[in-house]
Amino acid sequence: MMKKANLIMLGAPGSGKGTRAAALCEVLGVEQISTGDLFRHNISEGTELGKLAKSYMDKGELVPDDVTAAMLEDRLKQPDTKKGFILDGFPRTIRQAEMLDKMLSDLGEKITAVIYLDVPDEEIIRRISGRRICKSCQASYHVSFTPPMHEGRCDKCDSELVIRDDDKPETVKKRLEVFKSTTFPLVKYYEDKHLLVTIPPELSKAGAVADMRELARKLNLI
Ligand code: AMP
């Protein structure tokens with residue numbers, strides 16, 4: 001029996017949130033909602049929201065809370081989230097967490113658990129420097145850890161793989177600073193609410209889907 005789950009994936013940029021969120025979605029049959037992907041989609045479509053978001057993202061800064069929360073609220077109101085969801089990249093500030101609590105209570109929903117990936121800085125830099133994303137569907141790869149079947153091409157849609165603009169070394173440094181000063185306090189916020197579950201940053205040999213299936217069992221979600 002599959003239980004409904006509303007989960008948050010928390011961790012520094014490059015900690016592997018996206019990979020685990022995608023695997024957990026596969027296991028639980030719920031939607032992955034990545035605010036970073038929603039912004040990148042808006043940027044590629046050339047929307048006003050995309051233009052605004054890009055001006056912050058290129059500097060490694062956070063997009064303002066109100067803009068990000070409004071975009072997320074629109075997404076959460078779509079019917080496919082009724083079966084559950086995994087937030088990847090939201091919240092990133094205490095204020096966003098408070099806004100999320102309000103949004104969910106208005107929708108009659110609540111958070112099931114917050115999954116935290118605790119990854120050392122050196123490891124983050126190593127992961128980000130090898131990260132490549134699909135220009136078209138945003139699927140993420142790592143040149144050594146999770147390479148695509150054909151170099152430089154997406155396994156899912158065969159489009160070109162590129163380095164994210166904000167994965168350049170200067171921007172990564174800034175993003176890590178922002179994580180420590182602004183996002184890290186969420187660990188305590190959710191610990192105090194007894195929602196935090198810390199998981200190891202490495203994947204086992206069995207891979208992301210098997211690891212996330214085990215986590216889902218531990219959390220009594222399957
Ligand atoms: P990500 O793909 O999650 O690493 O996000 C890439 C960039 O998008 C971040 O560095 C921010 O500039 C922006 N972004 C994504 N999610 C949020 C959020 N919850 N709040 C503010 N900015 C965000």
Side-chain angles (χ1 to χ4, degrees), residues 6-22 24-25 31-45 47-76 85-104 111 114-117 119 121 123-125 127-142 161-187 189-190 201:
N6 296 333
L7 302 171
I8 293 174
M9 201 58 84
L10 185 62
S15 59
K17 296 189 296 293
T19 309
R20 286 173 187 67
L24 205 46
C25 285
E31 291 300 310
Q32 176 176 2
I33 303 178
S34 155
T35 41
D37 281 353
L38 291 173
F39 284 134
R40 281 184 287 276
H41 179 72
N42 272 279
I43 292 171
S44 66
E45 296 284 302
T47 68
E48 285 307 311
L49 174 63
K51 281 180 207 148
L52 177 76
K54 189 167 172 22
S55 65
Y56 293 94
M57 289 165 80
D58 282 352
K59 289 185 277 182
E61 290 171 6
L62 293 183
V63 180
D65 289 339
D66 295 315
V67 175
T68 312
M71 174 178 76
L72 179 75
E73 190 165 19
D74 278 350
R75 181 66 189 88
L76 284 176
F85 52 80
I86 302 181
L87 296 184
D88 159 17
F90 192 98
R92 264 175 151 103
T93 66
I94 296 280
R95 181 153 173 262
Q96 288 183 9
E98 290 166 352
M99 292 165 108
L100 178 65
D101 289 340
K102 165 91 176 56
M103 268 179 233
L104 292 179
I111 298 163
V114 178
I115 298 161
Y116 173 51
L117 277 152
V119 186
D121 278 9
E123 176 64 19
I124 298 259
I125 307 274
R127 291 182 185 201
I128 291 189
S129 60
R131 175 156 67 183
R132 302 289 181 271
I133 62 159
C134 172
K135 230 176 159 175
S136 159
C137 77
Q138 316 277 336
S140 181
Y141 300 85
H142 188 283
L161 300 182
V162 293
I163 298 177
R164 271 170 52 168
D165 281 344
D166 59 350
D167 276 352
K168 312 262 153 75
E170 331 69 80
T171 322
V172 169
K173 191 163 168 278
K174 173 73 182 164
R175 287 165 66 206
L176 281 176
E177 281 165 20
V178 170
F179 173 76
K180 282 187 189 149
S181 62
T182 315
T183 307
F184 186 72
L186 288 172
V187 170
Y189 180 88
Y190 288 120

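Just so you know, these numbers use all the heavy atoms, side chains as well, and skip hydrogens, waters and symmetry mates. Both ligands and their constituent atoms are indexed starting at 1 by order of listing.
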Measuring from atom OG1 of Thr35 to atom CG of Leu72, what distance do you get when rounded to the nearest 0.5 angstrom?
7.0 Å
Identify whether the distance between the nearest side-chain nitrogen and carboxylate oxygen of Arg75 and Asp37 falls below 4.0 Å.
no
In ligand 1, the atoms that come under 4.0 Å of a heavy atom of Arg40 are 2 (O), 6 (C)
Between Arg92 and ligand 1, does any nitrogen or oxygen pair lie at a separation below 3.5 Å?
yes
With heavy-atom distances below 4.0 Å as the criterion, list the atoms of ligand 1 near Arg175.
4 (O), 10 (O)
Is the closest basic N to carboxylate O distance between Asp88 and Arg20 below 4.0 Å?
no
Atom indices of ligand 1 within 4.0 angstrom of Gln96 heavy atoms, with elements:
18 (C), 19 (N), 20 (N), 21 (C)
Contacting atoms of ligand 1, where contact means under 4.0 angstrom from a heavy atom of Thr35
15 (C), 16 (N), 17 (C), 19 (N)
Identity and separation of the nearest protein heavy atom to atom 23 (C) of ligand 1:
Phe39 CE1, 3.8 Å
Would Arg164 count as a contact residue for ligand 1, given that I'm defining contact as a non-hydrogen atom of the residue lying under 4.0 Å from a ligand atom?
yes
Any carboxylate oxygen within less than 4.0 angstrom of a Lys/Arg side-chain nitrogen, looking at Lys102 and Glu98?
no
Salt bridge check, Lys180 against Glu177: does any charged N sit closer than 4.0 Å to a carboxylate O?
no
So, does Lys17 use its side chain to make a donor-acceptor pair with the main chain of Met9 at under 3.5 Å?
no
Please round to the nearest 0.5 Å and tell me the distance separating atom CZ of Phe179 and atom CG of Leu62.
11.0 Å
Quick test: of every protein heavy atom, which one is nearest to atom 11 (C) of ligand 1, and how far off is it to 0.1 Å?
Glu61 O, 3.6 Å
Have a look at Asp65, Val63, Thr68, Leu72 and point out the one with the heavy atom closest to atom 18 (C) of ligand 1.
Thr68
Presence of salt bridge, Arg127 and Asp167, under 4.0 angstrom
no
Counting both backbone and side chain atoms, is some N or O of Gly89 under 3.5 Å from an N or O of ligand 1?
yes
Between Lys17 and ligand 1, does any nitrogen or oxygen pair lie at a separation below 3.5 Å?
no
